[in-house]
Amino acid sequence: MSYKFREIEAKWQHYWAENQTFKAANVADKKKYYVLDMFPYPSGAGLHVGHPLGYIASDIYARYKRHKGFNVLHPMGYDSFGLPAEQYAIQTGQHPSITTEANINRYREQLDKLGFSYDWSREVRTSDPGYYKWTQWVFIQLFNSWYNNNANKAEPIETLISLFEAEGNVKIKAACDEDTPLFSAEEWDRYNKRQRQEVLLKYRLTYLADTEVNWCPALGTVLANDEIVNGVSERGGHPVVRKKMTQWSMRITAYAQRLLEGLHRIDWPQPLKDAQTNWIGRSEGASLVFFTKTDEQNKSQHSIEVFTTRPDTIFGVSFMTLAPEHELVSKITSPEQRKEVETYVEYTSKRSERDRLSDVKTITGAFTGAYAIHPFTGEDIPIWIGDYVLAGYGTGAVMSVPCGDQRDYDFARNFGIPIPNIFKDVDISEEAFADKANTIIANSDFISGMKYDEACRAIIDALESKGQGRGKINYRLRDAVFSRQRYWGEPFPVFYVDGMPQMIAEEYLPLHLPEVEKYLPTETGDPPLGNATVWAWCTNTNSVVDNSKIDNKTVFPLELNTMPGWAGSSQYFNRYMDPRNDQEIFSKESMEYWQDVDLYIGGMEHATGHLLYSRFWQKFMYDRGWALKDEYAKKLINQGMILGTSAFVYREEDSGVIISKGLIGDKKVSPIHVDVSLVNASDELDIKAFKASRPEFSTAEFFLEEGKYFVGREVEKMSKSKFNVVNPDAICEEYGADSLRLYEMFLGPLEQAKPWNTAGISGVYGFLKKLWKLYHGGKEGTFLIGDEPASSESLKTLHKTIKKAEEDIDQFSFNTSVSTFMICVNELSAQKCNQRAVLEPLAILISPYAPHIAEELWQLLGHTSSVATAPFPEFKEEFLVEQSKAYPISFNGKMRFTLELPLDMGKDEIEKTVMEHERTQKQLQGRTPKKVIVVPGKIVNIVG
RNA sequence: GCUCGAGUGGUGGAAUUGGUAGACACGUUGGACUUAAAAUCCAAUGGACAGCAAUGUCCGUGCGGGUUCAAGUCCCGCCUCGAGUACCA
């Protein structure tokens, strides 16, 4: 008789599914608790050991909260639109939904094997029309909203229209496009329908605009800023170029300030908050205008707007720099300089994003021959162009202050531009002085002698009174491009009348993704939906009809782009509250009950993607009254990545012989990844299997150490290409799901990245066997559960464990609580404890971590219901105090000191000595200690 | 460069937040059971020194200072590694 985890686990997984043990009711007297995992993209590779880490942690916490009497919402679903399924479709012609379905089934199977307590009745899939109906619905609501900067919230577009009718747009403070023209109520009245639509589009929270986008030719689509890493696409590493295209955008910049402020109110990891803060990139400063100097050649005057965070350094300006792409460059360049400028502009346009990034040290630029006028001194300021100024940030032009900015300094040095010093007692002969806190401005007319704050204020005031500038807060955050030239994504609920976008009425949603023959762009360069033959909207029937019927009277073309990956994940947490509702995205009642996510666990990699966009959508949903909280997740934990331990063989470069690690010496070798499954725990390679694994190695020669080949090891990210992926199925098969759960938790702190190493799994496996043995006799089939009262020793062990386990789980220290259980079971087995009074609470304690074995024990104890619904055992201090080795003595006030005492001193004597010492100390320190803890041995600890 | 983390035995990691550093586990060594192996159980396991022994003494949390009766923990100055970000005006 032994611990047969396979039988036990299969049995209880079946039981939970059958009895819907984890189904959460939407109406309950109990308090709610919402534990959310980031739903996965179901890739073809299935789960690896890194995936379940966060899921196990959240499952433990969800189960723990159920024991604590909460009604727990713990759902799971799939982010099932995405690139890999589409690329597979392009290669094979198979519809992405087939691949997706197959992958989801495999994921589900793997998830079920791990014993997760999900409420599967609430599963969502972003590619399911019943789900993306509501993604389309949110899009329509965004289209029909504008951001009122006075009320600081989104409002229905109708309120904006009535404002236009009453007073035009001159006084309206709203988030809108920069090129929005000003108009009066009368002018608005004269506008025709199309003109009005054009104006409104500049205010809508999702809008159509010609934007410079990141176009990835290899993927045939645009990418968002967060999908680009080091100038190449995150997926596949393809080059990315800038291109102007008409695209849907989301006016996330309207929420920049609130997205920053909200971070203070949520318990999210600091690094993640920092990442979002940096991404939003708020900088406070001034916006000001420089006018160009006119002469015979340059008759017309131009204005150049710049943004600066250092208005206090304005008297240090000795030149201006424009980005080479700046629209004024061609207009202001003098004939003498034209050739040089054109050559330079051409040179920069040829440099890829990557070159520019990798080569930041080379200073390049050209003089335009034009001058601007300094707003205060009236001096001539030469205008240069240089690629250190980025077209995409701020206005694409800067006022250059070489003494206060290192880049300006380097540029000035390189081109021999003067570097005036405007700082008091600061040496700038070697480098710029960028510290704004510790200096006094000098040589600066009316602000000389002022400090940073004061000087900024004075300059901004002066600029305002001249009408040449104002205080401004600038954000790095850009509006988010929302169109993708893909097939496998949500279709926009949009058709075009005279080129103007119209929303399909809500009652006709969802707009189903059409069938296409080919998943590639069309020959005319349209997105894949351009291949659909049935893709036109008939306004008579309110339905999709054949393209050939387009007459632009009652049948109109539909939008050909689809939504990006983050669309479906931006409201899924709310949809889980009421996932089968086909009338509303969620009912008012379910929102009122569940409110928001209490604990969200997922990866840091979504910091500036999903986790920012979803906060934006939530704030919008809140503004419009659908959501009740403007931050949807109170607490978030980033689980650390599980890294792989790659294995390498070494091939000598000249001979091609494969050399064992210890024999390399100073030979020239190149390391080659080998599949980790071909290597045993002592780094010995299975040569036969290795030869069979790849044809090019079948005839390889080996240079062995004592007949064995030893590989090299390195910790790297787990990935297919590195042959270091460990699949949880194999572990489950060998040790069981409970062992895997315990082991993944035991590996180390949840938030820390750690390499996967199977060596230690025998420890937790041994723990489970020991636990099992506690209540099984040595003989076949006998259970040894005693009904007599437990010994005080066992009770002490139990209550110590309850206390520690509770503290650990509350602090999400799952690794230490596994240790706590191990100590507990070790002690109980030393005590030969098999009494019901101890085993029953123990089953509940262990159930979040090792749910299957806990259910088994619970059933053997005679219960008919699931252990998952049992109340958490209560901790009783009385079982501990008697046994405690510490003697607490109470005092008032605070003081700490250490006192050496002889070993054999009794309690009374210690107390007397301590009191005496305390009196002396009190006189010395003038305070009184609160509590004294005496540890046997010789040290007395006085704790405040 | 900037921002944020982290440095503790052979290894993963504990340490009730300033109070017996190294819990728990892996690994290693020795032992028991066994024809043998596996499994299981028991013991030892930071370093140095002293002792037949129980035990004792000293040194030890990346480095150098400091505060404190007391520092892995707090402060100052470095070093190393990791993550994010990058010409952001």
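The chains referred to below are lettered A, B, ... by the order of the sequence lines, with proteins before strands, and numbering in each begins at 1. Since the structure is predicted, the reported quantities are computational estimates derived from the model, not experimental observations.
- One can place CG of A:Asp405 at 15 Å from P of B:C2, the figure rounded to the nearest angstrom.
- Comparing the P positions of B:C58 and B:A71 gives a spacing of 15 Å, expressed to the nearest Å.
- In this structure, the NZ atom of A:Lys769 is 8 Å from the C1' atom of B:U40, given to the nearest Å.
- The pairing partner recorded for B:A89 is none, the criterion being a Watson-Crick or G-U wobble arrangement whose two distances lie under 3.5 angstrom.
- Using atom P as the reference point in both B:G66 and B:U73, the two lie 14 Å apart (nearest Å).
- Under the 3.5 Å distance criterion, the side-chain polar atoms of A:Thr308 are matched with a main-chain donor or acceptor of A:Arg310.
- Aromatic pair A:Trp384/A:Tyr344: centroids not less than 6.0 angstrom apart.
- B:U34: no Watson-Crick or G-U partner with both key distances under 3.5 Å is found in any strand.
- For B:G60 and B:G46, the C1' atoms lie 8 Å apart once the distance is rounded to whole Å.
- Between A:Ile280 atom CD1 and B:C88 atom P the separation is 19 Å, expressed in whole Å.
- A:Arg407 has a side-chain polar atom (N or O) that falls below the 4.0 Å cut-off from OP1 or OP2 of B:C88.
- Dashed line: the shortest gap from a side-chain N or O of A:Tyr393 to OP1 or OP2 of B:A89 is under 4.0 Å.
- The separation of B:G13 from B:C24, taken at their C1' atoms, amounts to 9 Å, rounded to a whole angstrom.
- If you take NZ of A:Lys754 and C1' of B:G12, they are 11 Å apart, rounded to a whole angstrom.
- Among the nucleotides B:U40, B:C4, B:A25, the one closest to any side-chain atom of A:Asp274 is B:C4.
- When the C1' atom is compared between B:G22 and B:U61, the two are found 9 Å apart, to the nearest whole Å.
- In this structure B:C49 sits in a base pair with B:G56, meeting the Watson-Crick or G-U test at under 3.5 Å.
- Applying the 90° cutoff around 0 to the glycosidic angle, B:U17 is assigned syn.
- Comparing B:A86, B:A14, B:C26 by their closest approach to the side chain of A:Ser762 singles out B:C26.
- Judged by Watson-Crick or G-U wobble contacts below 3.5 Å, the nucleotide B:U11 has B:A25 as its partner.
- Distance check on atom C1': B:G18 versus B:A86 gives 39 Å, rounded to whole Å.
- Going from the P atom of B:A70 to that of B:G56 covers 23 Å, rounded to whole Å.
- Side chain of A:Thr816, nearest nucleotide from B:C26, B:A15, B:C41: B:A15.
- Closest to the side chain of A:Pro749, from the set B:G13, B:G12, B:A23, is B:G13.
- For A:Asn474 and B:A89, the CG to P distance is 8 Å, given to the nearest whole Å.
- Atom-to-atom, CD of A:Gln752 to P of B:A6 comes out at 10 Å; the value is rounded to the nearest Å.
- Closest to the side chain of A:Ser819, out of B:A89, B:C24, B:G13, is B:C24.
- B:C2 sits 14 Å from B:G77 when the P atoms are compared, rounded to a whole Å.
- Of the nucleotides present, B:U80 is the one that pairs with B:A6 by Watson-Crick or G-U wobble criteria, both distances under 3.5 Å.
- Listed nucleotides: B:A23, B:U40, B:G12. Nearest to the side chain of A:Ile823: B:A23.
- Atoms CD (A:Gln276) and P (B:U3) sit 20 Å apart, rounded to a whole Å.
- Between A:Arg6 and A:Glu733 there is a salt bridge, since a side-chain N of the basic residue sits under 4.0 Å from a carboxylate O of the acidic one.
- Looking at heavy atoms from C-beta onward, A:Pro269 lies in side-chain contact with A:Leu636 at the 4.5 angstrom threshold.
- With both pairing distances under 3.5 Å, B:A39 is matched to nothing as a Watson-Crick or G-U wobble pair.
- Between A:Phe319 and A:Phe411, the ring centre distance stays below 6.0 Å.
- Regarding contacts with the backbone of B:A14, a side-chain N or O of A:Asn815 is found under 4.0 angstrom from either OP1 or OP2.
- A:Asp808 places its CG atom 17 Å from the P atom of B:A23, with the value rounded to the nearest Å.
- Annotation: the span from A:Tyr3 atom OH to A:Tyr735 atom OH amounts to 12.5 Å, rounded to 0.5 Å.
- Ion pairing between A:Glu806 and A:Lys804 fails under the 4.0 Å rule for side-chain N and carboxylate O.
- Partner assigned to B:U67 is none, using Watson-Crick or G-U wobble distances below 3.5 angstrom.
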